[in-house]
Every structure is written in C-alpha cells, then in structure tokens.
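In what follows, residues are counted from 1 in the order of the sequence shown. Counting convention: from 1, in listed order, for ligands and their atoms alike.
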Amino acid sequence: MEKISQSVVKKDHEPKMSGRSVYVGDYPGDGVLTGKLLRSTLARARVLDVELPVLPEGYFYVDKSDVPGDNNVNIVLDDTPVFARDTVEYIGEPIGMVAGPDVAVVNRILSEIKVSYEELEPVLDLRKADTVFFNYEYEKGDLKKALAEADKVYEEEFTTGYQDQTYLEPQGMMAEPEKNGHMYVHGSMQCAYYVHGAVMRVLGCRPDEVHIFQDVTGGGFGGKEDFPSILGCQVAVAAKKANAPVRCVFGRREDLEFTPKRHPSLCTYKVAVKDGKVTAMDIDVKFNGGAYTTLSAVVLQRGIICANGVYRIENLHVHGQALKTNTTPSGAYRGFGAPQTFFAVEMMMDHIARDLGVDSLKFKEAHLARQGDATSTSGKYHFPVPLPEMIEEVDRAADFRRKHLEYQKPQTGRYHKGIGMSLWFHGAGFTGSGERDFIKAVCKLHKFPDGTVEILASNGEIGQGLRTTFPKIVAHELNLPLDKVYYNHPDTARVPDSGPTVASRSLMIVGELLRRAAIKLRSQWKDGEDQVVEEHFKEPDFMIPFYLDKFQGDAYPTYAWGVGAIEVEIDTCTGTSKILGAYGSFDVGTPIDYNIVIGQMEGGFLQGIGYASIEQMNYDGRGRIRNNSFSDYLIPTTKDVPNLKCMLHVEKYPDGPYGAKGAGELPLVGAPGAYVEAVEQALGHGAKLNHAPFTAEDTLNEIRKEGK
Ligand code: MTE
Ligand code: MOS
C-alpha cells in the first residue's frame, strides 16, 4: 500500500468519541433565544391573516416583514422565501418564527397563534404535476431510424421513492449579532460560503458584515447542502430583530418532515434491440422537486446525464423534467439524481436480457463503454474503464456467476434465494463547467514561525474525513509529521472560498489544490518565518468543454466506478428478506486513507441497500410526510447486512491528489439495482420489478399475484 493510503487515527476521533465535540445544540443557553418555526398546516393556501397573542417581554415574532434585505434565499435560483410570501406551498412551510428565552413559553405562543388561510387545491401527485421547474433534453445519433429498424422495442416505467439522509445530528443553526453590528451565523452545514451568500442578501449587507462558521457537524449526506442557507437566514433575521443570539435546532420529527430528501422519480425507458444488441434508448425522466426549486436543476442534470448507465448507446434521446408539487422541497442526497436513473437502466437491461433469454451479466458486459468511447453527452471516457476487472473481483468474492445460474432453477420450500449485480459510475466532481465558471476554488496554506501549517479552505468535515485527509496530503508533500498540519472548521472570515462540500469534489479538487500549494510552500520554505501560499483552480487541459444548453461535452473530468452484487433469501411466507451478502468493488482512485475510504464504501453501500429495501417514506392525502420517526422510517444497520464486503480497485486519476478521484457518493449509487434484481430472481416467476424501495410488503404482494 502506498504511504499516503496508510491509515491514521482520524484527527477528530477523540473529541467525537468522548463526546467533547461541541455541536450547535451544545453551546450554553444563557442569553440565547430559542427559535421555533410557525409552519403552514396546509399544502397550498393564501395566508390571509396571522393573529398573534400578546407577547411577553423578551419574546419576538418575525416574518417576511422583518427581513431587512430580500426575502429570497440564494440557492441555485432564489424562489425559496425566507418566510412565506402571500401563499404557502407545502405543509410545514415556515410562515414566521417565535424566539424567546424559555422554550415552553415559545411553544405556548406558537400554539396560540391563529393563522387564517384561503385553502387552494394542492398538486401532490408527480403524474399530475404541471408546473415544470426545469426541462432538459439532449440527443445523439438517429433515434427514429434505430427505433424503426429494431427487431423489438421494449418500454417500461420505473419509480423510486423518497430517501432521507438521517444524519445523526438534525439540522440546527444559530445567529449571533456582534458588537460591531456584524452578524455571526454558525451551525451544522456542508457549505459555509453558500450560507454566507444567502445571509448577506437577506440581511442586505456587505460580505464583510456577516461571517459563517461550520460547527462540528453530525453528518450531512447532501441534506445540509442547501437547507442551512434557509435556516441560517431565518435565525439571522430573528437575531437581527431581537438583537440577541437566536438558535434553532430541529427535533427528528421536524427534520424528517420538513427538510430536503432524495427526489422521488418516474422514469420511462423505450429501448430498441436489433440482433440481440441495444441500438437506441429513448428516456424520459421526471423528478418530484417539491414546492421550490432549491437544488433540483443540478440534481436533474446529473440524473439525466447518466440515464444510459455504463453502456455505449449510439442513438440516445434523454428528456428530463423536475416538476413542482405542493410537498417538502426535495434536495440532495449522496448520489444526487444518479441513483434514480441507474436503478432504472440496470433493471431495464436485466429485463431485456431475460426476455431475450440471455444471461443478464453477459448482456450488460456486451454493452460496456470503454476508454476512449463517447459519453452520453458526446464527451469522452478519457481514462481506463475498469469494469471488466471489477466484475471478476466481485464474481470471485460473491461466487456470482455460479449462484446466478443456480438460483435461476425453480426453487421449492419456504425460503428462496436470488442474486443480482449492478454496474455503475459516479461522475467525479461538479457537473459540467461549474468548477471553472462558478466555483473558482481558492485555498491557502499558512505556515507559522514555529513550523506548523494551517490549511485555509472552506470545505466541511461531515464525517467523510477531510480534517484528516487534507492534512495528510499537505504533511506528505512537506514531509512533516501529521500533528504539525491542521485543518480547523471553516469560518468565512478567515478562509478563502474553496467551494462547497458536495459532489464528492472536496478531496479530489481541493485536495489537489492543497497538494500543489504544499509543493509551492516547500519550494519557498524559510525556517522561522510566517508564510502564506495560495492556489487557484485550473481546469485540466484534456477536458472537452461542456455546454449546458446542449448537454454536450465532458460533464465530468473522470469517473469513479462501482460493481455491486447482492444476495438475498426471501421468506415466501412473510415476504421479508435476509441479505446473505453484499459485495462491492469500487474504483475511487488512490485511497488517501484506507480505513476512511473503506468506511465511506461500506456506509454508502449500506445506505443504497436501505434505499432499495426498507427506507419507505411517503405523504398522506393532504401532502404531509407520514414517516416522521425512526419507528416509521427504518434505516439499515450493520445487523441487517452482516456480510458486507467492500474492495478497492485503483485506477489513478492524474489530476487528483496522488491519483484520488471523487469517492464519497459512489458506493450508494448502484446498490438498488443489485438488490431488486436479487429479489426478482428469488421470486422467480418472471415478474419484472420496477420500483424501489422494494419492501417486504411488495414481495408478499408479488407472491400472492403468483399464487393466483
Ligand atoms: N460520509 C459521511 N460520514 N458523512 C457525510 O455526510 N456525505 C457524502 C459523502 N460521504 C457524507 C459522507 C456526500 S453527499 C458527499 S457529496 C461526499 O461525502 C463529500 O465528499 P468530499 O468531501 O470529498 O467532497
Ligand atoms: Mo453530496 S449529495 O453532493 O452533498
């Protein structure tokens, strides 16, 4: 193993394990007001009046009329209000906030506020949604011709549900007015500069008049990419009015009901087959964006770019829409639009293979993209595509091919087995030209006279290990012991904008900037002196420029690759399934820390298995999320998948630090296809499963259908 891959004790291990870490909810409460949101009880309505009780001294109510600047939160667009405008668009939409010293009094005030509404008809069903937030389309080749010349055209629909990030620490933000009139906002977040841009605009102030600090954060998984900007604006407005610190920390129910989760999807695939090979795909993708646009544009972009999976499809047409419904706005979750379309394309390929009477893995292998091939958007796979080797690795570990043949035979008795395999990639870093055109990452190294080095960047430790891996890179290049290099949580007043902690970009993009900064510092190193070096992002030369209006060019500089096999045993009496094994081979380039990367692979793969099997979340007839606790929304634990084997396959990426590529999201992305294929095989009566999660109830329903 390379030196950089050798594992160390995580820098934040001790404080986290001992409970000494200070999360936003842990700051002492003296003089701090507790903020609680007044939320809409209707999915769509005009707000006619808000009648307040008499507020005791020291208690405040804030709403849109208290916003000093714009009542719009800067996300990708700015349609999300800080506090509701004249209408409310989903159950739980914040209308105002009550803040005060005693939480019991705050709760009493909230219960006494009377909101009068004029109720409007909500749109809840994705199939009935008619407000199109985003509409994208691209094509290549000659779809019409391929469809006309096909031996057979297959058409199928796939759906996926919500998935909540279920980080350990719910959302929480705090705002503190400073003596000089500036506003200090801190809390649980992934993207300090996103919060900075949003709060600045809402307070109507200069960049230097607010600063944002990321507190210790108990996981994000995408859920703290946009949402802290919204909550950060709300507490900042309240703190401004009260001229006192205001903190709002959600409970689990509030978090599950009213914060972003993965977009539910509806994908339709029309696939042409000629001479046993797929010649064309016509794909329609619909994502349920919820009430506001938040991150839907970028989630949808990634989703449609990988809608043809890892396959070379000469004739391709992809249409994607993010639609508005009167439900909690959907957002980012590890994988960012890709798990939905990868599920659909993997099931589609499996179903076609079965219909053709050929082995599903062989069929998939016959269509694999190779190095040098064009991508869906007429970019290029510039680097090796190691899927064939990875398939062999997983086959060896899982005994896949033998089991797949064996379980194909008719099974008797109560327990039936099945195994499925899924192939996927994850485009490393931001989609398209975002890195070059919008983010323009900058980072710095500050060397102190005593020879210690501080990393100055804006990326957040959210459990993925940056506080350890960033210093490892810098220490390695400077030949320093690891305890001489450190990375504190970012404060926008102290660090440059190295971009957000999203799209598995931090380690690959900012890690490489830090490596180059360290080389620069090494060449200028003067003992005993205070020195600062700075490094700026440069796009790699080999990139084919990406045009978003045409969806053409390299959407990503490189790709992380995944192969996963999942083996299940279903109980035909109860419908429950036991996971006998989950085997994954993952290529994320050089692991910057073996244990961290294996932890990322295991955790992500497990989240993907949960998405496929038990994580079911839905809203009721009024549009309110029903699954609002861990007894109604189950997530898997290590006990559900005791035999989880993750292997690393290393294809180095020359523009990532020591060959590292984006890692964090990859392992989740393809798990659902493998799981549902396995259940499908275990059911064994020709059923074509087309939705995830596929729960015990679904399995039982299939068994009953078969019995008829
Ligand atoms: N791992 C842990 N433990 N906690 C997290 O919140 N977030 C995931 C992934 N792994 C997450 C995680 C998501 S959504 C992303 S985008 C990547 O980490 C971020 O990786 P990066 O720091 O390399 O950008
Ligand atoms: Mo990750 S979903 O890009 O925060």
* Asked: Can you check whether T501 reaches Q464 side chain to side chain, under 4.5 Å on heavy atoms?
  -> yes

* To do: Look only at interatomic distance and state if S504 has a nitrogen or oxygen under 3.5 Å from any nitrogen or oxygen of ligand 2.
  => no

* Considering only heavy atoms from C-beta outward, does the side chain of I455 approach that of C443 to under 4.5 Å? -> no

* May I ask you to establish whether K11 and Y487 are in a cation-pi arrangement, using a distance under 6.0 Å from NZ or CZ to the six-membered ring centre and at most 45° from the ring axis? => no

* Asked: Short N/O distance, under 3.5 Å, between A503 and ligand 2?
  -> yes

Pairs of nitrogen or oxygen atoms, one from ligand 1 and one from the protein, closer than 3.5 Å: please tabulate them with distances.
residue  : atom   : partner : partner atom : Å
ligand 1 : 1 (N)  : Q600    : NE2          : 2.9
ligand 1 : 3 (N)  : G463    : O            : 3.3
ligand 1 : 4 (N)  : I462    : O            : 2.7
ligand 1 : 6 (O)  : G220    : N            : 2.8
ligand 1 : 6 (O)  : F221    : N            : 2.8
ligand 1 : 6 (O)  : I462    : O            : 3.3
ligand 1 : 10 (N) : R334    : NH2          : 3.4
ligand 1 : 10 (N) : Q600    : OE1          : 2.7
ligand 1 : 22 (O) : Q464    : NE2          : 2.7
ligand 1 : 22 (O) : S506    : OG           : 3.3
ligand 1 : 23 (O) : L507    : N            : 3.2
ligand 1 : 24 (O) : R505    : N            : 3.2
ligand 1 : 24 (O) : S506    : N            : 2.9
ligand 1 : 24 (O) : S506    : OG           : 2.8

* Asked: Are side-chain heavy atoms of E254 and P170 found at a separation under 4.5 Å?
  -> no

* Aromatic F430 / basic R505 pairing, under 6.0 angstrom, 45° off normal -> no

* **Region of E225 engaging ligand 2 - heavy atom pairs below 4.0 Å** => side chain

* Asked: Which residue holds the protein heavy atom closest to atom 4 (O) of ligand 2, what is that atom called, and what is the gap in Å?
  -> Q190 NE2, 2.9 Å

* **Cation-aromatic face contact R252/F630, 6.0 Å, 45 degrees** => no

* To do: Please say whether more than 12 non-hydrogen atoms of neighbouring residues, nucleotides or ligands are located less than 6.0 Å from NE2 in H536.
  => yes

* Would Y162 and N627 count as having a side-chain donor-acceptor pair, cut-off 3.5 Å? -> no

* **Taking atom 2 (S) of ligand 2 as the reference point, the nearest protein heavy atom with its distance** => R334 N, 3.2 Å

